[in-house]
Amino acid sequence: MSGLFAGYVPGHPILRGVDLTAQSGRITVVLGPNGAGKSTLLKTAAGFLVPLRGSVMLGDTDIGHLPAHRHIALGIGLLPQGRSTFPDLSVYENIELGGWSMRSDRKRLAAAVEAVLTRYPHLRELRHRAAGSLSGGQQRAVEIARMLVPDPTVLLVDEPSVGLSPIVARQVYQELRALKAEGRTILLVDQDVRAAIAIADYVYVLGSGRNDVEGDRSAFEGDLGAMVRGWLGV
Ligand SMILES: Nc1ncnc2c1ncn2[C@@H]1O[C@H](COP(=O)(O)OP(=O)(O)OP(=O)(O)O)[C@@H](O)[C@H]1O
């Protein structure tokens, strides 16, 4: 992303000149206080918000003005903040929704869901259950599975551990590491500074609508990490 301006109300951009690169096959973390614009950044990268200025590049292509379904087709997946399962639908139906763009090709869609269920056998066992009857951790697993149905190469992940127990949160971060090990690119925004820095390759800090501090994980593990936690009050 370069020189990115984006927001919700004309004349009041939330992002005001963000310059950020998510390196291929790496985990890039964006930290920042509440309301800094982290979710706005991911929504823009996912095609739900059109940039007011600046570009969102995927390789050599500016995808900033493409609608969200084109982003999915280009291999970009979003794990949104908060609970996003449909509680009355079954686990299977929730996961299947991740393949909405393939809905006209039932065979391909079924194969893609099958691949995800093979990856997460515990979800296969739960596939007939209503998503709303599952624990928070199980629902997060459904959301991750749903994101993976189109086999995205770029994952946009928004505060994945909010509301989860420490053990389940650890599993979520382990899964992000596993997804990176498969060669996927991850852009993670998080309030859990310690957990996010622990899996990061590169870290940006967002404040006042633009990125101000950045560096490799090593730079954030020492004093700078303490400084950032101080800024964020965590
Ligand atoms: N749909 C919306 N319409 C109008 N303003 C919004 C909308 N969503 C977010 N905002 C505003 O944009 C600003 C940035 O919000 P955003 O959710 O991107 O921040 P954040 O860094 O992700 O914070 P948090 O961690 O609290 O989610 C906030 O002032 C918020 O009130």
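Read the numbers this way: they start at 1 and go in the same order the structure lists the ligands and their atoms. These numbers come from a predicted model, not from an experiment.
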Hey, is atom 30 (C) of ligand 1 under 4.0 Å from any protein heavy atom?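 No, there is no protein heavy atom closer to it than 4.0 Å.
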With a 4.5 Å heavy-atom cut-off, do [X] and [Y] have their side chains touching?
X: Ile197; Y: Leu31; answer: yes
X: Val205; Y: Glu214; answer: no
X: Leu74; Y: Leu66; answer: yes
X: Glu93; Y: Arg127; answer: no
X: Thr153; Y: Arg184; answer: no

Among all protein heavy atoms in this structure, tell me which lies nearest to atom 10 (N) of ligand 1, with the distance rounded to 0.1 Å.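 Here the closest protein heavy atom is Tyr8 CE1, 3.4 Å.
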Mode of Ile14 contact toward ligand 1 - side chain, backbone, both, neither (heavy atoms, under 4.0 Å):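 Under 4.0 Å from ligand 1, Ile14 contributes side-chain atoms alone.
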Element-labelled atoms of ligand 1 that are located less than 4.0 Å from some non-hydrogen atom of [X]:
X: Gln81; result: 27 (O)
X: Ser39; result: 17 (O), 18 (O), 20 (P), 22 (O), 27 (O)
X: Asn34; result: 23 (O), 24 (P), 25 (O), 26 (O)
X: Thr40; result: 14 (C), 15 (O), 16 (P), 18 (O)
X: Pro33; result: 21 (O)

Arg108, CZ: over 12 other non-hydrogen atoms inside 6.0 angstrom: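 Open: at most 12 neighbouring heavy atoms sit under 6.0 Å from CZ of Arg108.
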Are any of the N or O atoms of Gly35 closer than 3.5 Å to those of ligand 1?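 Yes, at least one N or O pair falls under 3.5 Å.
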Test log, rule salt bridge (Lys or Arg N to Asp or Glu O under 4.0 Å), inputs Glu143 and Arg146: CA-CA 5 Å; Glu143 289 156 355; Arg146 184 186 60 200; 5.2 Å; no
In this structure, does ligand 1 have an atom that sits under 4.0 Å from one of the heavy atoms of Gly32?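 In this structure, Gly32 fails to qualify as a contact of ligand 1 - no heavy atom is under 4.0 Å.
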